[in-house]
Asker: 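Got a structure here, written out as C-alpha cells. Questions coming.
Fair warning: this is a prediction, and the values are worked out from it, not measured in the lab. Letters A, B, ... are given to chains in the order of the sequence lines, protein chains preceding strands, and every chain is numbered from 1.
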There are 2 protein chains.
Amino acid sequence: MAELDSAQNSLWKLFLTVHARLVEQVEQDFKQAGLPPFEWYDMLIALKQAPDQKLRLSDLAEVLLVNRTNVTRLADRLEKTGLIRREVCQFDRRGAYAVLTQAGLEMQQKMWTVYAESIAQYFSRHLTQKDEITFTRAFSAMLAALDEESV
Amino acid sequence: MAELDSAQNSLWKLFLTVHARLVEQVEQDFKQAGLPPFEWYDMLIALKQAPDQKLRLSDLAEVLLVNRTNVTRLADRLEKTGLIRREVCQFDRRGAYAVLTQAGLEMQQKMWTVYAESIAQYFSRHLTQKDEITFTRAFSAMLAALDEESV
DNA sequence: TTGTAATTATTGCACTTGCAACCAGACAGT
DNA sequence: ACTGTCTGGTTGCAAGTGCAATAATTACAA
C-alpha cells in the first residue's frame with residue numbers, strides 16, 4: 001500500500017494538465033493548417049514504418065492503443081479519403097490489412113512538417129539533455145511495471 | 001524554427017504512450033471499484049477546494065480544461081445523481097453555480113481512496129525526489145510558455 | 001438612454017467512442 | 001470430418017464530445 005504525499009499529487013495533476021494543454025495545442029495547429037486530426041497521423045506513420053507499408057488491423061490497434069472497434073472506424077475514415085486501402089489477408093482470411101497509399105504517404109509528410117514544429121516548440125524546447133534522460137528512464141519504468149503486472 | 005531530433009521525437013511518443021496507458025489503468029481501477037469515471041473526480045475535488053464548495057460553471061471549465069458545453073453536460077450528470085446541485089448566481093443572473101452536496105463530498109472521498117493508490121502505484125512510485133524536481137520544472141516551463149504565447 | 005457588443009449557459013447537430021452482440025474463419029480434440 | 005472454442009473484424013446502440021447557433025443578461029460607448 002503505497003503512500004502519496006501532496007507534492008506527488010500535485011505533480012500528477014501537473015502531468016495531466018500539461019498533456020491536455022499540449023495535445024490541445026497540437027490539434028489546433030493541425031486544424032489551423034487545414035490538416036486532419038491527430039489520430040490520423042499515428043495510423044499513417046505506423047503504416048509507413050511497417051514492412052510493405054501494411055499492417056493487420058489488430059496490430060494497428062495494439063500500436064495505436066485504441067480498441068478494435070475504433071481502429072475499424074478510423075480505418076474507414078482514412079479509406080474513404082483514399083489515404084489507405086484495405087487488403088484481404090491471404091494467410092488468415094478473417095483478417096484485413098490496412099495499406100498505405102501514395103496519397104497517404106504524402107499526407108503523412110505534410111502533417112509531419114506541422115507536427116515536428118509543434119513538438120519542438122511546445123515540448124522538446126523545454127528539455128535539456130539531462131532532462132531527456134530522466135524522463136525516458138522514469139517513463140520507461142512506468143510502462144515496464146504496467147506490462148509486468150498484466151502478465 | 002526549432003529542430004527536432006529523433007531522440008526527442010521518441011520521447012514525445014513515449015510521453016503520449018505513458019499518459020494513455022496510465023489514464024486507461026486509472027479508469028479501469030475506478031470502474032472495477034464500481035465508481036464513476038475519471039472526470040467526475042475532477043469536478044468534485046474542484047468544488048471541494050473552492051470557497052463555499054461552489055464554483056461558476058465557466059470557472060469550472062477553465063479549471064477542468066473542458067469547454068463550456070461539456071461542463072454543462074458533466075454538471076447535468078452529477079446533478080442527476082445528486083452529487084452536486086445548481087444555484088443561480090445573485091451578482092450575475094446569467095450565471096449558475098455548481099455546488100457540492102453532502103453525497104458529492106462522500107463520493108469524492110470514496111474515489112480518492114482508490115485514486116491515491118493508483119497514482120502512487122503507477123506513477124509516483126517510479127520517481128525519485130530528484131526526478132520530481134526535474135519533472136516539475138520542465139512541465140511548468142511548458143505551461144508558462146503556452147500561457148505567454150496566448151497573451 | 002439607447003443601441004451595440006461581449007459574456008454565460010444551454011441546446012441541436014454531426015461525429016467519435018466503448019461495449020456487447022455478431023459473423024465468418026481458424027484451430028484443437030475427438 | 002465434427003464439434004466446440006477462440007480470434008479478427010464489423011455493426012448497433014448508448015453515451016460523450018466539439019462546433020455553431022440561441023437566449024438571457026451584462027458592459028460599454030455614443
Side-chain angles (χ1 to χ4, degrees), chain A residues 19-21 23-32 34-43 46-47 50 54-81 84-99, chain B residues 19-21 23-32 34-43 46-47 54-81 83-99:
Chain A
H19 176 271
R21 296 283 311 270
V23 167
E24 184 188 24
Q25 191 63 50
V26 169
E27 273 171 352
Q28 278 194 0
D29 290 352
F30 277 135
K31 186 174 290 191
Q32 206 144 28
L35 293 172
F38 201 60
E39 316 82 54
W40 292 35
Y41 182 82
D42 281 349
M43 181 172 282
L47 293 177
K54 66 183 183 182
L55 278 176
R56 295 285 296 270
L57 290 194
S58 53
D59 294 330
L60 270 173
E62 198 170 338
V63 174
L64 304 181
L65 300 175
V66 173
N67 68 28
R68 266 205 264 276
T69 298
N70 291 324
V71 169
T72 295
R73 264 82 180 251
L74 184 55
D76 287 347
R77 283 169 240 151
L78 272 82
E79 193 172 28
K80 199 176 303 182
T81 54
I84 67 163
R85 61 188 163 75
R86 269 175 239 243
E87 201 171 85
V88 288
C89 175
Q90 312 295 3
F91 311 101
D92 183 344
R93 300 234 306 267
R94 292 169 300 185
Y97 284 110
V99 189
Chain B
H19 176 271
R21 296 283 311 269
V23 166
E24 183 188 24
Q25 191 63 50
V26 168
E27 272 171 354
Q28 278 194 1
D29 290 350
F30 277 135
K31 187 175 289 192
Q32 206 144 29
L35 294 172
F38 201 61
E39 316 83 52
W40 291 35
Y41 182 82
D42 280 351
M43 182 172 280
L47 293 177
K54 65 184 185 181
L55 278 175
R56 294 286 298 268
L57 291 194
S58 54
D59 294 330
L60 271 174
E62 197 170 340
V63 174
L64 304 182
L65 299 174
V66 174
N67 68 28
R68 264 204 263 276
T69 297
N70 291 324
V71 168
T72 295
R73 265 81 180 250
L74 184 55
D76 287 346
R77 285 169 240 150
L78 275 84
E79 193 173 28
K80 200 179 302 184
T81 55
L83 301 181
I84 67 162
R85 61 187 162 76
R86 269 175 237 242
E87 202 171 84
V88 289
C89 175
Q90 312 295 3
F91 311 102
D92 183 344
R93 300 233 309 267
R94 292 169 301 186
Y97 284 109
V99 190

Asker: Which whole-number value in Å describes the distance from B:Phe38 CZ to D:dA15 C1'?
Answerer: 19 Å
Asker: Between C:dT10, D:dT11, C:dT8, which nucleotide gets closest to the side-chain atoms of B:Asp92?
Answerer: C:dT8
Asker: Judged by each residue's nearest nucleotide on DNA chain C, which is more toward the 5′ side, A:Thr69 or A:Pro37?
Answerer: A:Pro37
Asker: Roughly how many Å is it from CD in A:Glu39 to P in C:dC15, rounded to a whole number?
Answerer: 15 Å
Asker: So, is B:Arg86 near the phosphate of C:dT10, with a side-chain N or O under 4.0 Å from OP1 or OP2?
Answerer: yes
Asker: Verify side-chain contact (heavy atoms from CB on, under 4.5 Å) between B:Tyr97 and B:Arg56, making sure each step is shown before the conclusion.
Answerer: CA-CA 4 Å; B:Tyr97 284 109; B:Arg56 294 286 298 268; 3.8 Å; yes
Asker: Let me know the distance between CH2 of B:Trp40 and C1' of D:dA15, rounded to the nearest Å.
Answerer: 12 Å
Asker: Could you say whether B:Val66 or A:Val71 is positioned toward the 5' end of DNA chain D, judged by the nucleotide with the nearest heavy atom to each?
Answerer: A:Val71
Asker: What distance do A:Leu55 atom CG and A:Leu60 atom CG have between them, rounded to the nearest 0.5 Å?
Answerer: 5.0 Å
Asker: Give the rounded distance in Å between these two atoms: CG of B:Asp76 and C1' of C:dT11.
Answerer: 10 Å
Asker: Whole Å only: how far is the CG atom of A:Asn67 from the C1' atom of D:dG8?
Answerer: 13 Å
Asker: Run the side-chain contact (heavy atoms from CB on, under 4.5 Å) check on A:Gln28 and A:Gln25 step by step: do they pass?
Answerer: CA-CA 5 Å; A:Gln28 278 194 0; A:Gln25 191 63 50; 4.2 Å; yes
Asker: Taking the side chain as C-beta and beyond, is there a heavy-atom pair between A:Pro37 and A:Glu27 under 4.5 Å?
Answerer: no
Asker: Over how many whole Å does the gap from B:Asp59 atom CG to C:dA9 atom P extend?
Answerer: 8 Å
Asker: Would you say a side-chain N or O of B:Lys31 is under 4.0 Å from OP1 or OP2 of C:dC19?
Answerer: yes
Asker: Between C:dA9, D:dT10, D:dG16, which one does the side chain of A:Arg68 approach most closely?
Answerer: D:dT10
Asker: In whole Å, I'd like the distance from the CD atom of B:Glu87 to the P atom of C:dT8.
Answerer: 18 Å
Asker: B:Leu55 CG to C:dA9 C1': how many Å, rounded?
Answerer: 15 Å
Asker: Report the nucleotide, chosen from D:dT11, C:dG25, C:dA9, that has the shortest atom-to-atom distance to any side-chain atom of B:Thr72.
Answerer: C:dA9
Asker: Going by modelled atom types, is there a donor-acceptor pair between the base of D:dT25 and the side chain of B:Arg94 at under 3.5 Å?
Answerer: yes
Asker: Is there a side-chain contact (heavy atoms from CB on, under 4.5 Å) between A:Ile84 and A:Leu47? Walk through the geometry before answering.
Answerer: CA-CA 9 Å; A:Ile84 67 163; A:Leu47 293 177; 3.6 Å; yes
Asker: Hey, is the side chain of B:Arg56 poking within less than 4.0 Å of OP1 or OP2 on C:dA9, counting only N and O atoms?
Answerer: yes
Asker: Check every atom of C:dT17, D:dG8, C:dT10 against the side chain of A:Ser58 and return the nucleotide holding the closest atom.
Answerer: D:dG8
Asker: With no angle test and no hydrogens, is the base of D:dG12 tied to the side chain of A:Arg73 by a donor-acceptor pair under 3.5 Å?
Answerer: yes
Asker: Report yes if at least one side-chain N or O of A:Arg77 is closer than 4.0 Å to OP1 or OP2 of C:dT16; otherwise report no.
Answerer: yes
